[in-house]
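Down below is the structure, laid out as structure tokens.
From a predicted model like this one, the values you see are computed outputs, not experimental measurements.
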Amino acid sequence: MVRATVGLFGLTAIVCYLIKFDLARSYVAVTLPIGIALVVGGRWLLTTLLHRERARGEFHRRTLVVGARGAVVDLCRRVDRNHQAGFRVVGVCLPGGRTLPSPVDGVPVLGDIEHAAEAAHAHDVDAVAVTAWDGATPQVLKRLAWDLERTGAELMVVPGLADVASPRLMITPVDGVPVVQVSPRVTRASSTS
């Protein structure tokens, strides 16, 4: 946000210089800090309002969780604890499908993993969160992404990295494949006296 605001002011200054428009330096000195404050304050206000509405149950994405039983349970618990993230789990797809009882109270099993796209379409979900399972190959995920295109649901792949601080995670594309990097934890050297 701040970078974009400074960039816009820089672009304005360049354009004014090129067209020989006399722009007072005091104008920039006053409006730049005010502009940054308004952008930061506006974003904070909108985020606060969004979190308040999500706490009341509004503005959640209807989410289908796909994966192995344990990974599905773990993700559903995390989503249930963090309402501000904006997800509401409406169903799960497990290996074995509807023959299994639901591992999460109040969340039905909507089918097996192979038919997750059909379940997403039938239940009008906004997002499909894929967790770990034995058959999660790149080809299977690519096929699921293709099948979800006609539903309008977004595909989210949940890495099996639990309890790693998000600032330590970085996604780097390697030949079209997103690779999740975990930076080493910075430890302070203990000083000896």
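Ile113 is not connected to Val104 by any chain of hydrophobic side-chain contacts under 4.5 Å among Ile, Leu, Val, Met, Phe, Trp and Tyr, and they are in different clusters. Linking Ile, Leu, Val, Met, Phe, Trp and Tyr residues whenever their side-chain heavy atoms come within less than 4.5 Å places Val128 and Leu110 in a single cluster. No path of Ile, Leu, Val, Met, Phe, Trp and Tyr side chains, each step under 4.5 Å between heavy atoms, connects Val157 with Val65, placing them in separate hydrophobic clusters. Hydrophobic clustering (side-chain heavy atoms under 4.5 Å, transitive across Ile, Leu, Val, Met, Phe, Trp, Tyr) keeps Val15 apart from Leu18. Clustering ILVMFWY residues whenever any of their side-chain heavy atoms sit less than 4.5 angstrom apart, transitively, puts Leu64 in the very cluster that holds Leu141.
Heavy-atom minimum distance, Val66 versus Ala116: CG2-CB, 3.8 Å. In plain terms, the two heavy atoms of Asp124 and Arg62 that are nearest each other are O-NE, 3.2 Å. Between Thr131 and Ala68, the shortest heavy-atom contact is OG1-N, 4.1 Å. The minimum heavy-atom distance between Ala145 and Leu155, with the atom names listed, is CB-CD2, 3.7 Å. Between Val73 and Pro103, the shortest heavy-atom distance links the atoms CG2-CB, 3.4 Å. What you find for Pro95 and Gly67 is that their closest heavy atoms are CD-O, 3.3 Å.
Each of Asn82, Asp74, Asp80 was compared with Arg78 under the side-chain hydrogen bond (donor to acceptor under 3.5 Å, both in side chains) criterion, and only Asp74 meets it. A side-chain contact (heavy atoms from CB on, under 4.5 Å) with Thr5 is found for one member of Ile36, Val40, Leu38 and no other, namely Ile36.
At most 12 non-hydrogen atoms from other residues, nucleotides or ligands lie less than 6.0 angstrom from CZ of Arg3. For His123, the NE2 atom counts as densely surrounded, since its 6.0 Å shell holds more than 12 non-hydrogen atoms of other residues, nucleotides or ligands.
The line from CG of Leu75 to OG1 of Thr63 is 8.5 Å long, rounded to the nearest 0.5 Å. Atom-to-atom distance recorded for Arg150:CZ and Glu118:CD is 6.0 Å, nearest 0.5 angstrom. Here the CE atom belonging to Met156 is positioned 10.5 Å from the CG atom belonging to Leu148, to the nearest 0.5 angstrom. Once rounded to the nearest 0.5 Å, the distance linking CG of Leu50 with CZ of Arg43 reads 10.5 Å.
A distance-only check finds no donor-acceptor pair linking the side chain of Thr151 to the backbone of Ala120 [under 3.5 Å].
Using a 4.5 Å cut-off on side-chain heavy atoms (C-beta onward), Val140 and Trp133 make contact. Within the 4.5 Å cutoff, the side chain of Cys76 has heavy atoms near those of the Val92 side chain.
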(request) Before giving the answer on side chain to side chain contact (heavy atoms under 4.5 Å, CB included), spell out for Leu144 and Val130 the whole-Å C-alpha distance, their side-chain angles and the decisive distance to 0.1 Å. (result) CA-CA 10 Å; Leu144 179 58; Val130 177; 3.6 Å; yes
(request) Apply the test side chain to side chain contact (heavy atoms under 4.5 Å, CB included) to residues Val90 and Val125: give CA-CA distance (whole Å), side-chain angles for both, the deciding distance (0.1 Å), then the verdict. (result) CA-CA 8 Å; Val90 296; Val125 301; 3.6 Å; yes
